[in-house]
Amino acid sequence: MQLPPGPKVSATIQMLNWVFRPMSYLTECAKNYGDIFALKLQNDLPPLLLVHSPEAIQQILTNDHKELEAPGDLNSIFEYLLGKNSVISLSGKEHQRQRQLIMPPFHGERMRSYAELIENITTNTITKQAKNQPFNIRNVSQEITLQVMMEAVFGIYEGEQAEKLRHLLCEIIEQSSSPWRVAFLYFPKLKEMVGISELWKQQMKKQEEADQLIYQEIRERRENFDPQRTDILTLLMSSRDEEGQPMTDEELRDELMTLLFAGHETTATAISWAFYWIHKLPEVREKLLVELDSLGENPDSNTIFKLPYLTAVCNETLRIYPIAMLTFPRKVKTPISLDGYQLEPGTVIMGSIYLTHRREDIYPQPEKFNPERFLEKQFSPYEFLPFGGGARRCIGLAFAQMEMKLILAKVMKTWSVKLIDTHEVKPQRRGLVTGPNSPINLEIQNLRQPTSVNLETVKV
Ligand code: HEM
């Protein structure tokens, strides 16, 4: 098999670039080697192929279960946190079964029932910020999305146990976000080094404490099962697979951790970037406020969800700095031809969401934040794919989009907000996803008076 081109430097150098400067490295490789290239990240493993043309992305995402598969064992780096039953670590039929069990609560319409909860949590959290005092929007967005997760997903509200669990989950997620943590995952031997092994043990201890609280919650909820509750844990407990079997306690624990891990920081980061762009670019802020003010007081969540300019701002936010740089890996099952290369079974391929979203031929001036591009053109799911696609497409897509829109609309409509420092913030690796490389500090100035509406200025 002739491999696509790729860097010639040692696997260690390639891995260090991949861990510590992944986006610049991917950009350099795309420039040097084109639409498909091979990275050699570990000496004992075959090279990893990266693709970013819409044609190749379409081929890898629409071929799952035929010539390609999306095996969970390639995601084993998540297992220490999410467990063996997580939808992310499962393959084939087991993966499909688990998706079928989890998907129903995440259906678009069903999601809207969480709108009031999201708006109330947003109001409570923002009201706590002192007026005219800078705060890091990422911390505040994380506080909001974690509370939303606790209430909408876990169905846990107030009390000592809830506080303890929230605290532990926060710490676990924060720790898993450092590039060093990613280095441990790719170089497991690092965990044995003095000092580092202690850190690892501490993290595992926190995980065990959190697990005990989650299992206790599952037990109590099973004993006093209330089918009227609308949280996702209750819905998962009522779910049955094709053979009428419910989820076990271990499956419930692993899926709760998965939803939290996959959905909390990702959404909070997307919200932080949206605030950054909206307040960095006055014309974007003005247009958005005109659109929001045209709704009058207390608009319903469905109307907010469908707003064209707000949707375009959210899409452009997810395009320019996608939270997930890559799709989950796909593995060749039967020989295929991809971008002119004959690939043998066992070859591993990943779609680069970051590089696809940065292609000049799809997005002219890709470095420019320009929501209008989403009003002028409909992009295909292989050109715009912040949530991946195919057999592993993001389960929380509707939930994340709804959270983004409702939180932005609530804050923008209610308060005057200022971006404190307009220096350029760039993305960097945060664990297995990306986030801002420096704090995005905002300030709440005062309650807003809606402006008189002139929809003319909003091109829809
Ligand atoms: C802005 C926020 C989010 C982004 C950018 C995002 C992005 C992604 C991406 C790129 C994938 C991989 C798709 C693929 O390989 O084709 C994924 C998978 C997944 N996401 Fe999200 N996600 C977000 C929010 C959420 C939320 C809120 C939840 C749940 C509450 C969630 C749950 C999941 C799960 C469970 C998977 C694994 C699916 C599988 O393996 O079958 N995500 N997400």
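Every number for a ligand or one of its atoms is a count from 1 in the order of the listing. Worth saying up front: this structure is predicted, and the values here are computed from it rather than measured.
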Review point. Can you tell me if H264 uses its side chain to pair, donor with acceptor, with the backbone of L259 under 3.5 Å?
Key: no
Check your understanding: Taking only residues two or more places apart in sequence or in another chain, which ones pass side-chain contact (heavy atoms from CB on, under 4.5 Å) with T230?
Key -> R110
Exercise for review: State if I353 counts as touching ligand 1 under the rule of any non-hydrogen atom under 4.0 Å.
Suggested key: yes
Check your understanding: Numbering the atoms of ligand 1 from 1, which are under 4.0 Å from a heavy atom of T327?
Key -> 15 (O)
Check your understanding: Counting only heavy atoms not in R99, do more than 12 fall under 6.0 Å of its CZ?
Key -> yes
Point to revise | Polar side-chain atom of E265 near backbone of F261 as donor-acceptor pair, under 3.5 Å | key: no
Review point. With distance as the sole test, does T356 use its side chain to make a donor-acceptor pair with the main-chain N or O of E383 at under 3.5 Å?
Key: no
Review point. Got the closest protein heavy atom to atom 13 (C) of ligand 1, with its distance?
Key: R392 O, 3.0 Å
Point to revise | N or O pair under 3.5 Å between G389 and ligand 1 | key: yes
Exercise for review: May I have all residue pairs that pass salt bridge (charged side-chain N to carboxylate O under 4.0 Å, His left out) and include part of residues 329-357, sequence neighbours excluded?
Suggested key: D64-R330
Practice item. Give a yes/no on ligand 1: does R330 have at least one heavy atom closer than 4.0 angstrom to it? Key: yes
Study note, to complete from the structure: Among non-hydrogen protein atoms, atom 7 (C) of ligand 1 lies closest to P386 O, 3.5 Å
Check your understanding: Has the side chain of T434 got a donor or acceptor atom that lies under 3.5 Å from a matching backbone atom of I323?
Key -> yes
Practice item. Could you say whether the N/O atoms of F328 and ligand 1 ever approach to under 3.5 Å? Key: yes
Check your understanding: Would you say G390 touches ligand 1, if touching means a heavy atom closer than 4.0 Å?
Key -> no
Check your understanding: Can you tell me if H95 has a non-hydrogen atom under 4.0 Å from ligand 1?
Key -> yes
Practice item. With sequence neighbours excluded, tell me which residues meet side-chain contact (heavy atoms from CB on, under 4.5 Å) with P436. Key: R138, T269, W273, V425, I440
Practice item. Over 60° means perpendicular and under 30° means parallel, so classify the ring planes of F399 and F106, tilted if in between. Key: perpendicular
Review point. Who's the nearest protein heavy-atom neighbour of atom 37 (C) of ligand 1, and how far?
Key: I88 CG1, 3.6 Å
**Study point:** atom 21 (Fe) of ligand 1 neighbourhood, protein N/O/S only, threshold under 2.8 Å
**Key:** C394 SG
Study note, to complete from the structure: Closest to atom 30 (C) of ligand 1 by heavy-atom distance, out of R99, M149, M402, is M149
Practice item. Take Y363 and F379 through the ring-ring contact (aromatic ring centres under 6.0 Å, His included) test and state the conclusion after the steps. Key: CA-CA 10 Å; Y363 302 102; F379 296 96; 4.7 Å; yes
Exercise for review: Determine whether more than 12 heavy atoms belonging to other residues, nucleotides or ligands lie under 6.0 Å from atom NZ of K377.
Suggested key: yes
